[in-house]
Colleague: 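Before anything else, here's the structure in question.
In what follows, chains carry the letters A, B, and so on, assigned in the order in which the sequence lines appear, proteins first and then strands, with residues in each chain numbered from 1.
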Protein chains: 2
Amino acid sequence: MANHFLDIFFHPRSVAVVGATNNINTLNYNLLANLVNLNFPGKVYPVNQHTNNILGLRAYPSLKSIKDDIDLAVIAVPAAKMLEIIGDCAARKVKAVVLISGGFAETGEAGKAMQDEIRAVLRKHNIRAIGPNTLSPINTANNLAISFRPIEKLPTGRVSFIFQSGLYDPRLNWLTGEFNLFISKILDLGNKMDVNETDALEYLADDPETGVIAIHMENIAGDARKFMQILKRTCPVKPVIILKSARTPEGARAARSHSGSLVASSDAVFDTMLRQTGAIRANTLEELFDLAKTFEYLYPIKGNRVHIATGPAGEGVIATDLAALNGLSMAQLSPQTQTALRQIFPPWDINPNPFDIGASAQFNDSIRVLQVLMTAVAADPGVDCLALQARLDRYKDPDQFIDLASGIIRRGKPFALWMTVMPHGPNTIVHRLEAHRIPVFPTAERVIRALAALYKYGSRWENSK
Amino acid sequence: MANHFLDIFFHPRSVAVVGATNNINTLNYNLLANLVNLNFPGKVYPVNQHTNNILGLRAYPSLKSIKDDIDLAVIAVPAAKMLEIIGDCAARKVKAVVLISGGFAETGEAGKAMQDEIRAVLRKHNIRAIGPNTLSPINTANNLAISFRPIEKLPTGRVSFIFQSGLYDPRLNWLTGEFNLFISKILDLGNKMDVNETDALEYLADDPETGVIAIHMENIAGDARKFMQILKRTCPVKPVIILKSARTPEGARAARSHSGSLVASSDAVFDTMLRQTGAIRANTLEELFDLAKTFEYLYPIKGNRVHIATGPAGEGVIATDLAALNGLSMAQLSPQTQTALRQIFPPWDINPNPFDIGASAQFNDSIRVLQVLMTAVAADPGVDCLALQARLDRYKDPDQFIDLASGIIRRGKPFALWMTVMPHGPNTIVHRLEAHRIPVFPTAERVIRALAALYKYGSRWENSK
């Protein structure tokens with residue numbers, strides 16, 4: 001990966017932060033504070049004319065006053081000052097720049113002219129740039145975190161994101177915290193003056209740390225054909241999930257006005273192209289994040305036979321509808337499995353799928369119900385994946401359940417849960433399950449959507465692997 | 001309402017709880033505990049052979065040993081004992097019964113025979129019955145709460161529910177707590193041995209305390225034509241939202257096995273009938289609860305012109321797509337409004353709809369941005385409703401914002417918010433907003449779905465009011 005020009009953005013040995021500040025009430029404060037607080041291992045140079053120390057680091061009045069090599073300059077200054085700073089970058093032979101500031105092409109003709117001028121200087125000096133009007137990169141492997149928010153932690157994982165805008169930033173702590181998403185890298189492309197979605201996809205496609213790619217995009221700024229070609233060769237190897245917004249004429253109009261980019265409004269054309277590549281289309285941010293988590297936690301499956309078990313039986317009917325509507329089929333259990341389940345039946349015969357845990361637990365120990373049920377169902381060769389709604393607070397020792405669930409997943413069957421009411425806060429059962437890559441969602445529809453996506457992806461590449 | 005036979009279920013002057021117990025580890029414990037703890041004002045008679053005092057109330061060995069009139073008997077005993085208790089009810093001239101216990105038609109032929117026998121006795125003595133296999137009623141006006149969970153509070157509101165099963169019960173504290181739903185009544189019909197969905201709808205249609213009706217149903221047990229007729233006359237007066245599960249053949253099969261009821265699987269027929277009545281169809285439990293809240297908080301609108309404002313501009317593009325896809329149109333603001341908004345523009349021209357709060361707040365005080373924006377947009381005759389994503393934690397005094405938002409809603413424009421990350425726990429800004437009937441959802445799609453439903457309903461009845 002070191003050969004790709006984007007590599008320097010994720011693995012800089014030194015980072016200058018132009019616009020760094022001691023003022024904790026500004027967004028810029030966090031640009032430097034995150035690098036310091038998360039112990040980014042590279043060298044960090046704050047640049048600020050008005051002070052010589054920020055957060056314990058020596059501050060420099062300008063890039064020119066830094067004597068060492070600078071791999072990456074992160075620049076957050078008013079738009080009108082940007083060209084001067086870019087000149088300094090050229091003089092100091094900075095390898096790459098991230099232009100955080102807005103005020104360029106997205107503001108109209110004058111801003112577009114400034115952006116074009118900056119691009120010309122950067123091209124002349126062969127400096128690659130992300131932005132302007134951007135907020136990134138993030139790399140969890142080395143705690144490189146360019147963000148406006150104080151980042152609490154950066155757990156490492158296999159999903160990498162390409163964003164069109166900084167809308168992920170206010171969600172970052174939630175994504176890595178309550179939502180338990182395990183991220184490798186994040187790139188926000190902003191106005192795409194230089195680096196565009198094709199570059200980013202090309203890099204992540206070959207990045208060994210990236211196993212799943214999730215993209216939020218409004219337009220294709222680069223060569224659409226090349227983008228689709230890379231997508232086509234990447235999808236069989238790594239799931240790529242795409243939320244394409246600006247899909248309606250109204251949305252396209254709104255996108256043009258905030259990014260200054262040309263945004264085509266033919267969603268049908270984009271959709272057809274996507275379908276040819278095998279990319280997974282997400283319709284909402286929630287779906288983008290849900291599927292990113294699903295593919296990061298679990299693995300594609302070739303079969304669509306689901307087993308569903310719920311507390312209230314009515315919930316099982318709802319989930320069964322959802323399964324049927326999303327292309328899953330209700331698994332027919334083997335005679336052996338059915339015999340095993342009779343141990344935990346109420347005094348009458350019940351349907352083994354969807355299984356009514358509520359009826360069973362009126363007459364059996366509820367922990368034993370789950371153990372017998374899940375062990376038998378997971379061993380059944382006619383079952384490809386499992387969906388469960390259960391009140392796990394009954395477990396005095398949740399580790400028992402976590403062991404059981406992890407075992408199922410390890411033995412090759414994706415397994416996802418929904419909880420009637422999601423507990424919040426640190427160290428909940430949800431957090432503990434998800435630390436073991438057992439996904440928990442708040443609704444049946446999100447569980448079924450996740451399992452259905454694993455099947456759609458897994459069955460598509462049946463012949464290509 | 002006192003004339004409808006269902007009225008006694010919601011306004012009993014006396015309730016006997018057969019199967020009441022001192023054992024706090026059983027579900028039955030809460031049947032009595034809720035009535036005691038929530039101060040249900042009627043007389044309460046615990047019935048239990050083994051003790052003479054439960055929760056400070058005198059307990060009776062049998063219904064027969066109670067000398068006073070019994071309006072309602074709530075019965076939670078093993079199925080095999082039910083017929084005997086029903087005999088006691090007849091002897092004591094109990095007016096109505098709720099049969100909590102399962103183990104009847106849903107278990108097969110033998111259970112069905114027991115259920116038929118019980119029905120015959122009840123009919124003979126003219127005693128109306130809800131259930132068996134049920135859990136209700138709830139009436140917030142008098143704190144009548146028949147539930148297996150300890151109910152924390154029962155705030156009063158205008159939405160009433162009819163459920164097919166007890167799946168609402170584990171969610172009840174969440175619905176009235178974190179979700180801030182304001183409920184009037186809940187009826188769970190279970191096996192529908194006697195009282196069915198048509199009876200329940202008929203009652204709620206004329207109930208002056210019920211302004212919105214939300215229904216979860218798997219089948220029509222009674223006269224489908226009568227159900228649709230009542231629906232048709234009710235929908236123009238009160239929004240009726242219906243989640244019909246068992247809509248696929250697989251779901252219908254599952255439903256037959258848990259309720260013992262005949263469940264038709266022709267969803268298309270049901271859907272056509274529903275559309276003729278003007279009922280609002282929900283596709284998931286989340287949508288059922290979201291729309292119940294939306295219609296309880298707000299009011300239908302005849303126009304579909306929405307104004308959208310978001311923190312990150314990319315979020316505005318996503319919301320604009322969603323609006324277009326859901327039948328809303330982006331409001332064209334008047335020249336007057338546009339002039340007002342220029343006060344809070346950044347140094348360049350931005351699109352007034354969707355409005356980019358992020359760009360604006362870089363150059364203006366963020367509280368003033370919201371105030372100028374919302375005041376101007378709400379006063380624009382070309383705007384029918386407002387959707388806002390904003391970081392309200394910037395407000396040191398949230399009451400300012402609540403006043404502003406309440407004013408907009410009072411002046412006739414529905415207004416809904418989404419927050420990037422929902423805060424949890426008591427006394428959050430969400431709780432305070434929703435106490436003023438300003439709905440807050442976690443995603444743009446749920447805000448847009450809510451506003452679109454207000455428009456779809458409001459525009460349908462344009463000519464009928």
Colleague: Select, from A/A313, A/P312, A/A323, A/S329, the one with the greatest count of heavy-atom pairs under 4.5 Å involving chain B.
Modeller: A/A313
Colleague: In the structure I gave you, are the side-chain heavy atoms of B/T248 and A/L325 within less than 4.5 Å of one another anywhere?
Modeller: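 Side chain of B/T248 against side chain of A/L325, heavy atoms only: contact under 4.5 Å found.
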Colleague: Counting only non-hydrogen atoms closer than 4.5 Å, does B/E250 touch chain A with its backbone (N, CA, C, O), its side chain (CB onward), both, or neither?
Modeller: both
Colleague: Could you give the distance from CH2 (B/W348) to CD (A/E106), rounded to the nearest 0.5 Å?
Modeller: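 The CH2 atom of B/W348 sits 5.5 Å away from the CD atom of A/E106.
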Colleague: What part of A/S165 gets within 4.5 angstrom of chain B, counting heavy atoms only: side chain, backbone, both, or neither?
Modeller: side chain
Colleague: For the residue pair A/V317 and B/G251, what are the closest heavy atoms and their distance?
Modeller: CG1-O, 3.5 Å
Colleague: Is it the backbone or the side chain of B/E178 that comes under 4.5 Å from a heavy atom of chain A, or both, or neither?
Modeller: side chain
Colleague: How many angstroms lie between CD1 in A/I318 and CD in B/E218, if you round to the nearest 0.5 Å?
Modeller: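 So the CD1 of A/I318 and the CD of B/E218 are separated by 7.5 Å.
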Colleague: Check whether A/Q389 gets within reach of chain B through its side chain, its backbone, both or neither, counting any heavy atom under 4.5 Å.
Modeller: side chain
Colleague: Between A/R171 and B/E315, does any NZ, NE, NH1 or NH2 come within less than 4.0 Å of an OD or OE carboxylate oxygen?
Modeller: yes
Colleague: Non-hydrogen atoms of chain B under 4.5 Å away: do they reach the side chain of A/I350, the backbone, both or neither?
Modeller: neither
Colleague: Tell me which of these, A/D356, A/I308, A/N351, has more heavy-atom pairs under 4.5 Å with chain B than the rest.
Modeller: A/N351
Colleague: With no hydrogens and no angle check, do the side chains of B/S245 and A/D321 hold a donor and an acceptor under 3.5 Å apart?
Modeller: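 No, no side-chain donor-acceptor pair sits under 3.5 Å.
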Colleague: Distance check, rounded to the nearest 0.5 Å: B/T420 atom OG1 versus A/L285 atom CG?
Modeller: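 Here the interatomic distance stands at 9.5 Å.
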Colleague: Which one of B/N173, B/T320, B/T310 has the most heavy-atom pairs closer than 4.5 Å to chain A?
Modeller: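 Most heavy-atom pairs within the cutoff with chain A belong to B/T320.
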Colleague: Looking at B/N283, B/D169, B/L167, B/N353, which has the largest count of heavy-atom pairs under 4.5 Å with chain A?
Modeller: B/L167
Colleague: Do you know which two heavy atoms are closest between B/T443 and A/E286, and how far apart they sit?
Modeller: CG2-OE1, 4.1 Å
Colleague: For chain B, find which of A/A110, A/A319, A/G103 contributes the most heavy-atom pairs closer than 4.5 angstrom.
Modeller: A/G103
Colleague: Does any part of the side chain of B/R253, heavy atoms only, come nearer than 4.5 Å to the side chain of A/M330, both counted from C-beta?
Modeller: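 Result no, sub-4.5 Å side-chain heavy-atom pair not found.
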Colleague: Heavy-atom distance under 4.5 Å to chain B: side chain of A/P170, backbone, both or neither?
Modeller: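 Contact with chain B: backbone and side chain both.
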Colleague: How many angstroms lie between OG1 in B/T284 and CG in A/L322, if you round to the nearest 0.5 Å?
Modeller: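 Those atoms lie 8.0 Å apart.
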